[in-house]
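Values below: every heavy atom of this structure, side chains too, minus hydrogens, waters and symmetry copies. Protein chains get the first letters and strands the later ones, always in sequence-line order, with residue 1 at the start of each.
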Protein chains: 2
Amino acid sequence: MVEDVPKTAAKPTPTAGGRGRRATRASGDDRERAILETAERLLEERPLSEISVDDLAKGAGISRPTFYFYFPSKDAVVLTIIDRLVAAAADSREEALKMLAEGDPRAGLRQALEDLYGAFRARRAVTLAAAELRMRNPEARALWAEVMEGWVADVTAVIEAERARGVAPPGEPARDMAIALVQMNERVQYATFAEESPSLEPNRVLNVIVEIWLRTIYGGVEPS
Amino acid sequence: MVEDVPKTAAKPTPTAGGRGRRATRASGDDRERAILETAERLLEERPLSEISVDDLAKGAGISRPTFYFYFPSKDAVVLTIIDRLVAAAADSREEALKMLAEGDPRAGLRQALEDLYGAFRARRAVTLAAAELRMRNPEARALWAEVMEGWVADVTAVIEAERARGVAPPGEPARDMAIALVQMNERVQYATFAEESPSLEPNRVLNVIVEIWLRTIYGGVEPS
DNA sequence: AACTTTATCAACACCGTGTCGAGTCAGTCA
DNA sequence: TGACTGACTCGACACGGTGTTGATAAAGTT
């Protein structure tokens, strides 16, 4: 059902912060994984706000106090899960960035947006939980901010390069454009995942955001 | 037995739903206002999730049970406040739409975005609370969806008109473009109000989103 | 004056969080 | 082997928030 990521090695601790277990290396590893899997499974069914610590404990076959042996709070569990999503997305970004540097920037841009969209769509439930958590948890906010900052920096560089090459017209500061574009993606994708109304159809999202990115970056406004 | 109130003509009830008071016309009006004012005041200080029913009751000079005489829940209070914000924003939209229909669409568009931005910036705290509430309250979600739908419909009409006039190039379906643009505005403005990082500076927001809107609507992508 | 409606709140039932302390159990190692 | 230790478990509790109940008072209405 939930075949987990293959990177169980090469990483002593997901984050340096006080997330995760207190200190151990014994059989409780299974329990920790069980909690994380339960969280992911329940998030497919209902929003984070409707999942209690008891639900997670029950799902992992332990009592509520025992849950606290493994994680300091419900939020910490979700934060750990988000860490992994973010790491996966970062890989996608690096991949796409490489492609962007060597080939045609326009095709590369489409590929990059596609990979990014794919990374989050694959973990739709977690993405929605992240957005929810961000509203009330400073740590989640900081983590997300870091992610956004990374993309903005990359996109800014791309826009500036294309302007320098003379293929993109000047305009508002590249970084400002990048912020708006990246935030647009986030919002549009969230709406689609959450099936808001109005929202874009899943199979239309990429066409639309790619067109807006291209027009924004490459298309100057002809004076009427 | 329905004593009609003359002061707020043309509006019997903010919403048809069971929001607000149960039924009265006496001095308790002051209390109701006091609760709403307390809520707005506290929202300037801290997020909705950190405000309790007791805080609202204390702020209005009543006990917690008495609060429930006036509102069925904390959410209902905020929903009432959001109703008003939304109504004000709708007025702005109508205003801007009129301007858009008679004058130059490009200048009109800028004016419309400016008015809209202003309407929400004037009620920054409430706007942020609305976003928070939307995450966990279906009624708030429905209300916001209605608002978004209204804007999307208007923008769709504008894009289609401009394409029909031949001044805007064809491209992805007008409605899809409209959805993405409206959602971009929402996200960018939210980030600015919340002082996220990264986010646009308050005095730069309009320049940036107007440029993106114009390039998206009027600027086709020249083939490289 | 009897009656109704509006308004108020102490006390309660309930739920979710997080902590404490008293355990069990599986391995050391003396 | 038996005392010791550290990993692990959970019943019972304290706390803080929500929403309800029922008793009561105060202000109209007839």
Side-chain angles (χ1 to χ4, degrees), chain A residues 13 18-36 38-39 42-43 46-80 129 132-133 135-140, chain B residues 1-3 5 17-36 38-39 42-43 46-80 129 132-133 135-140:
Chain A
T13 315
R19 227 128 67 219
R21 202 109 48 90
R22 294 216 252 271
T24 170
R25 225 10 71 186
S27 82
D29 267 355
D30 302 332
R31 292 288 156 81
E32 189 168 331
R33 248 191 307 107
I35 292 172
L36 291 168
T38 301
L42 293 182
L43 281 174
R46 50 185 197 271
L48 178 58
S49 58
E50 286 169 29
I51 297 172
S52 71
V53 170
D54 201 43
D55 293 333
L56 297 180
K58 285 282 198 333
I62 55 178
S63 72
R64 210 167 54 75
T66 300
F67 166 91
Y68 288 100
F69 179 80
Y70 292 99
F71 291 95
S73 68
K74 180 179 75 177
D75 287 4
V77 176
V78 180
L79 237 11
T80 300
E132 189 182 335
L133 194 59
M135 286 279 112
R136 59 176 166 68
N137 183 301
E139 206 176 342
Chain B
M1 265 275 195
V2 183
E3 277 297 284
V5 213
R19 225 128 69 219
R21 201 110 48 89
R22 295 217 250 272
T24 170
R25 223 13 70 186
S27 83
D29 266 354
D30 302 333
R31 292 288 157 83
E32 189 168 331
R33 248 191 306 106
I35 291 172
L36 291 168
T38 301
L42 294 183
L43 281 174
R46 51 185 196 271
L48 178 58
S49 58
E50 285 169 29
I51 296 172
S52 71
V53 169
D54 202 43
D55 292 333
L56 297 180
K58 284 281 196 340
I62 55 178
S63 73
R64 209 167 54 75
T66 300
F67 166 92
Y68 288 101
F69 180 79
Y70 292 98
F71 291 96
S73 69
K74 180 179 76 177
D75 287 3
V77 175
V78 180
L79 237 12
T80 300
E132 189 182 335
L133 194 59
M135 288 276 111
R136 58 176 166 70
N137 183 303
E139 205 175 344

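Using a distance-only test at 3.5 Å, with no hydrogens or angles considered, a donor-acceptor pair links the side chain of B:E132 to the main chain of B:S49. A distance-only check finds no donor-acceptor pair linking the side chain of A:E139 to the backbone of A:L79 [under 3.5 Å].
Of all heavy-atom pairs between A:A129 and A:V78, the closest is CB-CG1, 4.3 Å. Residues A:L56 and A:A39 come closest through the heavy atom pair CD2-CA, 3.6 Å.
We find that CZ of B:R64 is positioned 10 Å from C1' of D:dT20, with the value rounded to whole Å. D:dT18 atom P lies 8 Å from atom CG of B:D55, rounded to whole Å. Atom CZ in A:F67 sits roughly 11 Å away from atom P in C:dT19 (whole-Å rounding). B:I51 places its CD1 atom 13 Å from the P atom of D:dG17, with the value rounded to the nearest Å. Computed from coordinates, the A:E32 CD to D:dA7 C1' distance equals 14 Å when rounded to whole Å. Regarding A:F71, its CZ atom lies at a distance of 19 Å from the C1' atom of C:dT19, rounded to whole Å. Remark: C1' of C:dC9 and CG of B:D54 are 12 Å apart, rounded to the nearest angstrom. Computed from coordinates, the A:Y68 OH to D:dG11 P distance equals 15 Å when rounded to whole Å.
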Next item on the list: Please report the C-alpha distance between B:D55 and B:K74 in whole Å, then the side-chain angles of each, then the deciding distance to 0.1 Å, and finally whether the salt bridge (Lys or Arg N to Asp or Glu O under 4.0 Å) criterion is met.
Entry: CA-CA 10 Å; B:D55 292 333; B:K74 180 179 76 177; over 6 Å; no

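For the helix from C:dA1-D:dT30 to C:dA30-D:dT1, the terminal axes (five pairs an end, C1' atoms, rotation from four pairs onto the next four) enclose an angle of 20°, given to 10 degrees.
Picking from D:dC10, C:dT19, D:dC8 the nucleotide with the shortest atom distance to the side chain of A:F69 gives D:dC8. Listed nucleotides C:dT17, C:dT8, C:dG18 differ in distance to A:S52; the shortest reach to its side chain belongs to C:dT17.
If you take CD on B:E32 and CZ on B:F69, they are separated by 10.0 Å, rounding to the nearest 0.5 Å. Here A:L48 contributes atom CG and A:L133 contributes atom CG; the two are 6.0 Å apart, rounded to the nearest 0.5 Å. Within the model, atoms OG1 of B:T80 and CG of B:L36 stand 6.0 Å from one another, a figure rounded to the nearest 0.5 Å.
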Next item on the list: Any chance you could list the contact pattern along nucleotides 21-26 of chain D? Use B for base contacts, S for sugar-phosphate-only contacts and - for none, protein heavy atoms under 4.0 Å, 5' to 3'.
Entry: ------

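At the phosphate of C:dT8, neither OP1 nor OP2 sits under 4.0 Å from any side-chain N or O atom of B:S63. Between B:T66 and C:dC9 there is a side-chain N or O to OP1 or OP2 distance below 4.0 Å. Close to C:dT8, at under 4.0 Å from its OP1 or OP2, lies a side-chain N or O of B:Y70.
Every residue two or more places apart in sequence or in another chain that forms a side chain to side chain donor-acceptor pair (under 3.5 Å) with A:S63 is listed here: A:T66.
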